[in-house]
Every structure is written in structure tokens, then in C-alpha cells.
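For reference, the structure is listed below as C-alpha cells.
These numbers come from the heavy atoms of this one structure, side chains and all, not from hydrogens, waters or symmetry mates.
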Amino acid sequence: MEDAFARSVAEVLEAFRVDPTKGLSDSQVEENARIYGRNVLPQEKSTPFWKLVLKQFDDLLVKILIAAAVVSFILALINGETGLAAFLEPSVILMILGANAAVGVITETNAEKALEELRAYQADIATVLRNGCFSILPATELVPGDIVEVGVGCKVPADMRMIEMLSNQLRVDQAILTGESCSVAKDIESTLAANAVYQDKTNILFSGTVVVAGRARAVVVGVGSNTAMGSIRDAMLRTEDEVTPLKKKLDEFGTFLAKVIAGICVLVWVVNIGHFQDPSHGGFIRGAIHYFKIAVALAVAAIPEGLPAVVTTCLALGTKRMARLNAIVRSLPSVETLGCTTVICSDKTGTLTTNMMSVSKICVVRSVHRGPITSDYTVSGTTFAPEGLIFDTEGIQLEFPAQFPCLLHIAMCSALCNESTLQYNPDKRNYEKIGESTEVALRVLVEKVGLPGFDSMPSALNMLSKHERASYCNRYWEHQFKKISLLEFSRDRKMMSVLCSRKQQEIMFSKGAPESIISRCTHILCNDDASSVPLTTDIRNELEARFQSFAGKDSLRCLALALKRMPTGQQTLSYEDETNLTFIGLVGMLDPPREEVKSAMISCMQAGIRVIVVTGDNKSTAESLCRQIGAFEHLDDFTGYSYTAAEFEELPPMQRTLALQRMVLFTRVEPSHKKMLVEALQNQSEVVAMTGDGVNDAPALKKADIGIAMGSGTAVAKSASDMVLADDNFASIVAAVAEGRAIYNNTRQFIRYMISSNIGEVVCIFVGAVLGMPDTLVPVQLLWVNLVTDGLPATAIGFNKQDRNVMMVNPRKANEAVVTGWLFLRYLVIGAYVGLATIVGFVWWFVYSDAGPRLPYKELVNFDTCSTRDTAYPCSIFDDRHPSTVSMTVLVVVEMFNALNNLSENQSLLVIPPWSNLWLVGSIVLTMLLHVLILYIEPLSVLFSVTPLTWADWRVVLYLSIPVIIIDEILKFFSRKPGGKRFNFRFRRHDLLPKEARDK
């Protein structure tokens, strides 16, 4: 029954044909079970493991690499190669692809746990009335129409409509569903609100929520999937994981790269058709196979085999750094997504605020004889820790607050008229509450006021252990006074009272809503001289004005405190005793904003990130908080910036679109609204980060580009999220965004490094093949360069420090290509130099080296006809390993210098020196040691077809390698100039991607 909240009790009972005094009969239970089903959340089929594995290989570049590995293996067998030489290249490629597939499978397996953990919020048992008798049954056996009794500590077993109250009040903690910071009072009356949200349905008990006060009976109106918890499950199932911006761009770039590679490979093969019959090949077919091997070598050279591994490694390194910022990453790609976040939809309670109610203001009556009549005190401290100071109207700290009569009696009343507990948790190293937040706030105030009569009181209290300090002053008052009788809080009185006895004197302390307490007061306690004087109309008006100021302008939750001297020997209290009270004071409390949130909001504004505060709380309270944290940027009129969920839904489509572009605050929301907000923002091409902690937040967390769960939140929210905030702090999100931007910049840097290096390899092989030279590099040498020399420095680039202005620029667009036109031009220039330097090294050994044959250049490019001509040199000279060793070493060393170029995209090495990233320096040293190892150690040199180099060879290698730094410094200089990217006009498409990829 979806409209049970709007119907009367009698209508709901009639709809299910149930007698509230007898419950359902066995036949009715069977019939309803057949109609409505069982009270369980159905289990969904998970994706088979083999499908998850295959999904990881569904990538064009990966498929090309697999094909290259298979082809190279077949060609090796055709040429008669056996053993390690035949298997080395394909084996290494397949190992790297396997490692990446494993990471992907683990990530996707974790994501499916969210639905399973949702079951933990279903109750196990229920107290049910059937056939006129109460019995305890498994909650799974409940059916609509069952009469269920709930009490304190009960987990609500199904969605139920209240039918009878068995205590003064019933309060339910439904934070996991609505995000409300305080427990909610439930009643029996039907709800008349149009478009009612969960918060409006005060007569409905929602499945999975917990009763914190009172007892009641209710009739089951929804079970299993037809509950609020079930609708959340359905929303999670309908939500598909979004592909991250980096993944999209890498896929597009991979498609583009694959097409370029295919084109170049075919071109090299076609250009050399005339050489297929050269004598050196031993026939047309063998010539075709030889140039096919060159084409495969080109593919291996062009595809950055190490890129998936290095991207994964860099993101993993980023997660470690973010963990130190209290941001625990569950999904690696989400690290990068943070960098292009344009909107953060943040929960209010616990994220922007401490979720620890605390007293911030106190109002007392000074004296009726001289003005001003009232006096305000300000209380510092925003947590449950008993640490804070009290300041007077002029901002002067009170050394001994307990010396002031009103503050002293406020402390007494707060300690005695209180059912909560404050304790210190040594494991978590913080103070925790048991009971209502408002009552715990009063406990903390008692500790801040201190005790009377001790000049050394503040310092003496600080000497106590944290466990003793938690409630030292409260325990003092509880020992001084003996509690005799208690009148519990009720909705009609809006107050509670306690009768206490001390030294044969009985006193009643009362606290409650200011309008209820003040209306019952006839006297007031004066703070100047502790006298009790009659409450006049003028004073009453003044107190009500202060209450309106506290509640309206400051949006504080207010309580008034009062006392009454009772007849000696009285042992009980009645409602009639709550008259002729003496007013003590007014306290205003709030869930205070975290101290660091305001500066974090400023950082977001400077970084071009919009923050939307999303909360289930009421509009005025949330607007007050937004004003305090600077979210409204000094706006006086919040119209067009602040909406309730109902107001937003009533807007026409065009106005709703405009509202989304300006919205700062979204209040009175329920789960469906959060997901709707995320989808609407994503439709406007925003990259959305959504925070949440309750079960209700799971669908929105899953739908958002990056879902951020609170460390103190539910397991369901954590499982549906991409990142968990260990400290629940909004400022940690902003720090994580900065880290995400830095990681993306580093990702771009190592992609730039690897692609420019690979372009160099392609240029080397392509130019060599076109000019008709011998093989400049063999495939196993290319693999060495790609995996070992590229991999280590590329990974180390991930340790580059954040740029100082990383949070001073707008977020990059989600559709911005990883490689833009200007960047690609830089890749080409650097890559062309790398390739030509490698070719020059090869030619130098044949033509100019004292250790070489000193051939004329014409002889070198006509090497394939050597056997048909009379020459002054043996044809075997073209099989010498020296020239390819020089080429390979030039390629390695020039790429090490190119790695230094990538310390920053645009900053000079003079500004960001090499030692700013010692990991990069270390990786370069290690790479060079490994390279020297394969040159000078016999088995390795044979495997990689290399030979030791002389000092003269090394000198030429350095001469050819160093200029790459000078060339890139010139390109960086143009990049830093305002018109530096004017070269973009050379490319017809800004991102150099094929049209179909660009239009996705």
C-alpha cells in the first residue's frame, strides 16, 4: 500500500481486513504471502567470473598486442627460432596484460558486494500479533496486514503504518534512510502533505530503521522489494557504473593510435614490395615475411605495452598519498576522476558539520533594575570533548563561569534533567554520546561551566584523565542531588521535569521548548545578584525576542531551563506541578560547521568547483549553515540558490535547467532526489562527486561519477562508493581533488613521455626501412626499451610534486582529449628527434666510427645487393651487432633525458630541477645500470643481440642524446607564452581523434 501515510488508521486496517486486537488469521497470512511475496530482498545473479576476465581484454590496443604476440611467435617458429628467443616477446606482453586483467576483475568484484550488504539492514525477528496472540517470528515471515509491536532498540522489520502509541512518544533513528541528524518523533495522524517525502511520513516506520525511544504498534504495509529499503535496492540495480573520463579518453586515443599503427605497418610493407625479391632474402616469399616482421616490429614499437601497467601503478601510488589525506580509494580510476570534478554534492550533517550538537549561545537575565535586561554568553568548542571557554557579550573570557548564579543553575539543570551519557572511547580516541544529541550537548556545557568554590578549578580539571574528565562535573551534581521522580518529555507539553532532593530541600528542574517553559514561568533568576524577581510583561517580551533571534537569525535549536522549589518531603511529580516556574536561562545549540570547511569552500571556488549542499534537514537551518561556511558568497537573497525538493520538482523543465546551474542548497531530500540531482547534473555535462553515509545514499553514490562515502557511514554506502573519507571531513574531499588533479597531470606527463618515445621508435624503423638500411633495431631490443627503460621512469613520473597552482585553475573538461593538438605536435617534434638520433647513431658506426668499416653512405643503403656485387668488405659486416647496439643505447639515453623533460608539462628544468623528484632520478640510474648489465654480461648480450661499447661510442651517444632537452625547453617556452599554442591551426581536429570517437 503506497498511500498508507495519507489514510486514517481505520482505512488502512480495513484495506487489509485485519482486527487490531487479534491480528491476521492463518488463512489470511497464507493468502497475503501468496499475493505480496516474502519479506526478503531478492538475490541478484552475479556476473560469472569468466565473463569478468574476458571483459578486461575487450580493448582494441590489447587485442592488437595479443595479435602482435601471436604473430611474432609464429614468425619466430617459421624462421626456426626455439627456446627463450621465440617465447620472450609474446610471454612478456601476455604477462603484463594478465596483470592488468587481474586488477580489473578485483575492482569489479568489490562493486557487487553493495547489494549483499544491504541485507544486513533487515531485521531478524519481529513481535507479531496473530490469531489473538503475540509471538516472536522471523522477520522474513511477515506479510502486509500483520500487527507488529516495536520498542526501544528494535530494528523495524518492514514498512509499517502506526496504529497505536503505547508510550508518551515514539522516536526513530532513520538517518540511514533520510540522513536526518536527530531521531524523528512518530505519531498516528495521517499526513496531508502533497508529494510527501520520507520526512513528511511521520506515521510510517521504515524497514531497517531503529526505535530509540518509546513503544508502539503498527500494521505492516510493505514487505521485501516494496519497502523503502527495497526501492533503494532497485535503484542500485538500475544504476550502471559510469566510465571515467580518463578511461574514455585513453580508449579514444587507443582507437586513434591503432588506426595510425595499422596505416604505418601497411605503408612500410607496401613501400618495400620492390625489395621482396632482393637476393639477401632468398626469394619473394621470404622477402615478404622479412618485411612483415618489420611491420610487426613497428606495431610493437608504436603500442606502449607498459601504458596500462604504468597507469594502474600511478593511480595506485596516488591512492597511497590520498590515504594519508584520510581519503581511502576503493576504485583506482576514481582517483583521476576527482581531478575533473566540476560539482561536489555534499551532505550537510557530519561532512560540513561535526555531527556533534553543541551549545554555542546562552541568554540570561542580568538585572531588572538597570539595562540591558538580558546578557548573552558565547561558548566555544564544536565537538563532544569537554573543552571550551565561555565569553561574555564583550568577548572577554570568564575565568570562573560557575561564580555566575544563572550559569551555575544552568549547569545544575543540564546535569540533572538529562537522560544521556557522555564517555571517552580510548580505541577511537574521541568522546562519544549515548542518547539524544541535544542532551549530550547540555552534558558538555556542564563540563565547560565547571564547579563553584574552587579557584584552581579549570587547571585541576585539565589534570584528570580523559575518561574521568568526560563527566566529572556532571557526576558531581548527580552526587549532590538525589533524583526522586521524573516526568518524561511529551509532544503536547514539549518539556520534561525531574524532582531532586538535597539537604532536605526538594527542587524541580525543567527543560523544554522556550515557548512552553516561558509560558509556565512567573519569576526569573537574576545573574547579577542571584535574586528571584517576578517575570513582567516587558521581560517576557525581551526573552521571546532573544528566542526569536536565536532561532531565526542564528538558526539555533533552543531550549529554556527553569527550576521550582517544591514542598519538603514531596516524592512524586504531576503535570500540575509544572507551573509557577523560575526562569534560569535560554541555551542555543547547533550542529556546528567544521572549522576547516570555510577555507575548503574558498579553495573550491578558486578551483572552479561548485558545491551543492544536499540535506534532509529543513531549509532555514541549512541556509544558516551555508551562510556560516561561505557557500552563498555574501548573498542577501537566497532565491534561485536554495530549493527544497518539493519546490524544485514543481519547476517547469526550462526553469529547472536554469536552477541546476545556480543551485547551492537542496533541502528536504530523500534518496530518489539525490539520484535525480546527479543525473540532471550529468546531463548538463557536469562531472559530479556525491557524498553520503546512509543506505539511502547508495543509488546516488553509485550513479555519481565519483561516490564518496563517510568512514562512519553504513557498509552499503561504502560498498557503493568509489572513495571513503576516514574522517568524514569535507576538507579532505578538497585535498583529494587537488591530489586527483596532480595525478592526472602526472598521467599526462608519462603518457606524453611514453608516446613520444614510441614515436621515436616508429620513426627509427620507418625511416630505416624507407631508406633501405639494415634492421636498425630487432624486436627483442624494442621490447626491452618499451618495457624496462620506458616503464621505470614513466612510473617514477607519477611521483612528480603538485604544481603550486593546481587548485587555482578551472577543472578540465571531461571531454578534453588526453593528447591535444599542441601536445601532439610536441610529441611529434620530440619523437622525430629521438628517431632520427637513433638512425644517425646507426649510420655513424658504419660511416664514421674508427671501429667500424667506414663505408660510403650509398653502400649502406644498398646493403641488400652486397652479395651480387664485388665489394672491398665482407657482406657479413651488415650482421655486426655494434651498429644496432649504438642505436639502442642512443634510444635508451635520449629517453632518459626526455624523462627529465617530463618533470613538468610547461615549467623549465631551471625552475623544477631533477632533484625535485628523486624517484625519477633513481629510476634513471637503475635503468642505465640494467642497460649496462645487458651490454657487458655475456648471456644477456647474446639474448638481446648487443655487444659492449667503447668510450668513443658512449661519447657519440651523449652528443646525440643531450639536444632533446634543449629542443623541449624551446617548446616549453612557447607553451608558456599566451599565444604559445597557436600551432593548433595546423590540425583540423583539436584532439586528433577520429570523428566517431569524438562524437561519443
Between Tyr431 and Phe384, what is the shortest heavy-atom contact and its length?
CB-O, 3.8 Å

Residue pair Lys201 / Lys186: nearest heavy atoms and the distance that separates them:
O-NZ, 3.5 Å

Any sub-3.5 Å donor-acceptor pair from Asn226's side-chain atoms to Gly222's backbone N or O?
no

Considering only residues two or more places apart or on different chains, which pairs with a residue in residues 605-627 satisfy ring-ring contact (aromatic ring centres under 6.0 Å, His included)?
none

For a quick test of reading the model, state the closest non-hydrogen atom pair linking Asn39 to Gly224 and the distance between them.
OD1-N, 2.9 Å

Measure the shortest side-chain to side-chain distance between Ile708 and Ser721 over non-hydrogen atoms and say whether it is less than 4.5 angstrom.
no

State the NZ-CG distance between Lys702 and Asp722, to the nearest 0.5 angstrom.
11.0 Å

Distance-only, no hydrogens or angles: does the Asp159 side chain make a donor-acceptor pair with backbone N or O of Val220 under 3.5 Å?
no

Applying side chain to side chain donor-acceptor pair (under 3.5 Å) to Ser620 and not counting sequence neighbours gives Asn618

Point-to-point distance, once rounded to the nearest 0.5 Å, from CE of Met676 to CD of Glu649
5.5 Å

Where at least one partner belongs to residues 640-661, residue pairs that pass ring-ring contact (aromatic ring centres under 6.0 Å, His included), sequence neighbours excluded:
Phe648-Phe666

Are a donor atom and an acceptor atom from the side chains of Glu189 and Asn203 found within less than 3.5 Å of each other?
no

Heavy atoms of Thr667 and Ala622 approach each other most closely as CG2-CB, 3.7 Å

Asp705 side-chain N/O to Val688 backbone N/O, donor-acceptor pair under 3.5 Å
yes

Can you confirm whether Val440 sits close enough to Ser358 that some side-chain heavy atom of one is under 4.5 Å from a side-chain heavy atom of the other?
no

Return the set of residues passing side chain to side chain donor-acceptor pair (under 3.5 Å) with Thr353 (not counting sequence neighbours), or none when no residue passes.
Asp591

Gln199 side chain to Val669 main-chain N or O, any donor-acceptor pair under 3.5 Å?
yes

Charged N to carboxylate O below 4.0 Å: is that the case for Glu436 and Arg171?
yes

Under a 3.5 Å distance rule, please check whether Glu679 uses its side chain to pair with a backbone N or O of Ala704 as donor and acceptor.
no

4.5 Å side-chain heavy-atom contact, Ser190 and Arg161:
yes

Gap between atom OG1 of Thr691 and atom CG of Asp728 - 0.5 Å precision
9.5 Å

Once rounded to the nearest 0.5 Å, what's the spacing between atom CZ of Arg557 and atom OG of Ser437?
8.0 Å

Donor-acceptor pairs under 3.5 Å, side chain of residues 729-736 to any protein atom, not counting sequence neighbours: which ones?
| unit_1 | atom_1 | unit_2 | atom_2 | d |
| --- | --- | --- | --- | --- |
| Asn729 | OD1 | Ala731 | N | 3.0 |
| Asn729 | ND2 | Glu596 | OE2 | 2.2 |
| Ser732 | OG | Asp727 | OD1 | 3.1 |
| Ser732 | OG | Asp727 | OD2 | 2.8 |

d(Leu665 CG, Ile612 CD1) to nearest 0.5 Å is 10.0 Å

Would you confirm whether Arg594, through its side chain, and Leu352, through its main-chain N or O, come within 3.5 Å as a donor-acceptor pair?
no

Roughly how far apart are Thr657 OG1 and Arg662 CZ, rounded to 0.5 Å?
13.5 Å

Which salt bridge (Lys or Arg N to Asp or Glu O under 4.0 Å) pairs, counting each pair once, include a residue from residues 619-629, with sequence neighbours left out?
Lys619-Glu647

List the atom of Ala689, the atom of Thr341, and the distance in Å for their closest heavy-atom pair.
CB-CG2, 3.8 Å

Donor-acceptor pair, distance only, cut-off 3.5 Å: does the side chain of Ser603 make one with the backbone of Ser599?
yes

